[in-house]
Amino acid sequence: MSDQRVVLVTGGGTGIGAATARLLRAAGHRVVISGRRSEPLERVARETGALAQVSDATDPDDVRTLVAAAVAAYGRLDGLVLNAGVGRPGAVGDVTLADWELVMRTNLTAPFLLLREALPHLLAARGAVVAVASVSALRNGTANAAYATSKAALLQLCGSLAVDYGHLGLRANTVCPSWVRTEMADRPMARLAEAAQLAGGVTEAYREATRLTPAGRPGEPEEVAAAIDWLLSPAASYVNGAVLTVDGGVTALDPGTAAFGLRIEPRTGA
């Protein structure tokens, strides 16, 4: 890819997508941000100079329009960041069919539609794809059946790109964040704060949710964006089909050993 790349970022109005757009634009790249809500997209566009395109990634017609707009504006497409996603809580026996289908359509079918439409342009540019999955793709949590399943499938979708198109110069990798302070993550944190009656609200909920994370804190969108930026860049030219955890070390932890992390203070005096 050339030094100045053209990158399309879905879910680019908030959180990790917005942070990625800011980072890429600061480095001089051309960026197209998409999402369903115009207000956050326009805010990031005004701030960064990115091109905002309101689009429903689950609609094939919208997807065609989105890719065509990016190519019409900049003449090529070098990178694609599959960041848009939704979550709906529920164990297998509890999650509704409507919620299951919404999560699968948004987190898996939408990336497939966009990849299929963008693929000729990405191949022409010998470009790169980065999908934003989750540690939920690798480790199960409670009442998370639909989201975890969709993100695990997204890993295989990107892996298939690497296998099928790597010989044509396309790279496809996945990042798996843990808890990151975003608008999307704030919602379950608000529910936790209310259920546990946490006086510190969402901030305290993040602390509780990451107490066992070796880093001892949630991630920031900019930290995930930095990993995405690297995977898009020529610096990662021999990285293909990789799954990069950006999780503060949480997937390295054996939860069965957590109790042994207690600090024992020596006695003082006689």
Side-chain angles (χ1 to χ4, degrees), residues 1 4-36 40-41 44-45 48-55 57-58 63 66-67 69-71 73-74 76-86 106-108 110-119 121-122 125-134 137 150-151 154-155 157-159 161-162 165 170-177 180 182-184 219-236 239-244 246:
M1 289 188 288
Q4 185 185 72
R5 301 187 296 277
V6 178
V7 181
L8 171 58
V9 181
T10 68
T14 60
I16 293 168
T20 301
R22 292 187 188 102
L23 184 59
L24 291 170
R25 284 294 298 139
H29 302 299
R30 306 288 191 179
V31 178
V32 180
I33 52 174
S34 72
R36 295 179 181 178
L41 289 175
V44 175
T48 64
L51 174 64
Q53 182 79 21
V54 176
S55 178
T58 68
V63 168
L66 172 61
V67 173
V71 174
Y74 300 121
R76 59 188 291 134
L77 184 60
D78 301 291
L80 177 59
V81 180
L82 300 168
N83 172 68
V86 298
T106 305
N107 295 358
L108 185 59
F112 164 74
L113 292 173
L114 188 50
L115 285 167
R116 189 172 60 174
E117 192 67 30
L119 190 58
H121 305 288
L122 292 169
R126 299 180 69 86
V129 175
V130 180
V132 180
S134 167
S150 71
K151 291 299 188 178
L154 185 60
L155 298 187
L157 179 61
C158 280
L161 286 173
Y165 301 104
L170 181 69
R171 295 186 299 108
N173 298 291
T174 308
V175 294
C176 288
V180 177
T182 64
E183 181 184 279
M184 182 176 175
E220 297 295 334
E222 294 75 15
E223 293 175 303
V224 184
I228 294 170
D229 177 46
W230 179 73
L231 287 170
L232 289 171
S233 76
V239 181
N240 205 4
V243 178
L244 176 61
V246 188

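- Side-chain contact between Leu157 and Thr174 is absent, with no heavy-atom pair separated by less than 4.5 Å.
- The main-chain N or O of Ala236 is found under 3.5 Å from a side-chain atom of Arg171 such that the two form a donor-acceptor pair.
- Expressed to the nearest 0.5 Å, how far CG of Leu113 lies from CG of Leu108 amounts to 9.5 Å.
- For the atom pair CD1 of Ile16 and CD1 of Ile228, the computed distance is 6.0 Å after rounding to the nearest 0.5 Å.
- Asp229 places no side-chain N or O within donor-acceptor distance of the main-chain N or O of Leu24, the cut-off being under 3.5 Å.
- Distance check: Gln4 CD to Tyr74 OH gives 9.0 Å after rounding to the nearest 0.5 Å.
- Closest approach of Ala45 and Ala52 over heavy atoms only: CB-CB, 4.0 Å.
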Cys158 vs Val243, side-chain contact (heavy atoms from CB on, under 4.5 Å): CA-CA, chis, key distance, verdict: CA-CA 9 Å; Cys158 280; Val243 178; over 6 Å; no
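- In plain terms, the two heavy atoms of Ser55 and Val63 that are nearest each other are OG-N, 4.4 Å.
- Applying the salt bridge (charged side-chain N to carboxylate O under 4.0 Å, His left out) rule to Glu223 yields the partners Arg217; only residues at least two apart in sequence or on another chain are considered.
- Counting only distance, with no hydrogens or angles, the side chain of Asn83 and the backbone of Val9 share no donor-acceptor pair below 3.5 Å.
- For Glu222, there are no side-chain hydrogen bond (donor to acceptor under 3.5 Å, both in side chains) partners two or more places apart in sequence or in a different chain.
- Shortest non-hydrogen contact noted between Val6 and Arg76 is CG1-O, 3.3 Å.
- Using a 4.5 Å cut-off on side-chain heavy atoms (C-beta onward), Pro234 and Arg5 make contact.
- Annotation for Leu51 and Ala69: closest pair CD2-O, 4.4 Å, computed over non-hydrogen atoms.
- Closest of all the heavy-atom pairs between Ala133 and Lys151 is CA-CD, 3.7 Å.
- For Ser150, the side-chain hydrogen bond (donor to acceptor under 3.5 Å, both in side chains) partners are Asn107, not counting sequence neighbours.
- Partners of Arg22 by salt bridge (charged side-chain N to carboxylate O under 4.0 Å, His left out), not counting sequence neighbours, listed by chain and number: Glu47.
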Asn173 and Leu244: CA distance, side-chain angles, deciding distance, side-chain contact (heavy atoms from CB on, under 4.5 Å) verdict: CA-CA 8 Å; Asn173 298 291; Leu244 176 61; over 6 Å; no
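- In terms of the side-chain hydrogen bond (donor to acceptor under 3.5 Å, both in side chains) criterion, residue partners of Ser134 (sequence neighbours excluded) are, by chain and number, Ser136.
- In this structure, Thr20 contributes its side chain and Ala225 its backbone to no donor-acceptor pair below 3.5 Å.
- Partners of Arg36 by salt bridge (charged side-chain N to carboxylate O under 4.0 Å, His left out), not counting sequence neighbours, listed by chain and number: Asp56.
- Note that CG of Leu154 is 13.0 Å distant from CZ of Phe112, once rounded to the nearest 0.5 Å.
- Counting all heavy atoms, side chain and backbone alike, Leu232 lies closest to Gly79 at CD2-CA, 4.2 Å.
- Once rounded to the nearest 0.5 Å, the distance linking CG of Leu114 with CG of Leu119 reads 10.5 Å.
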Apply side-chain contact (heavy atoms from CB on, under 4.5 Å) to residues Thr106 and Thr58 and explain how you reach the verdict. CA-CA 6 Å; Thr106 305; Thr58 68; 4.1 Å; yes
Output, in order, the C-alpha distance, side-chain angles, deciding distance and verdict of side-chain contact (heavy atoms from CB on, under 4.5 Å) for Leu122 and Leu80. CA-CA 8 Å; Leu122 292 169; Leu80 177 59; 4.3 Å; yes
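- Here CG of Leu66 is found 8.5 Å from OG1 of Thr10. Values are rounded to the nearest 0.5 Å.
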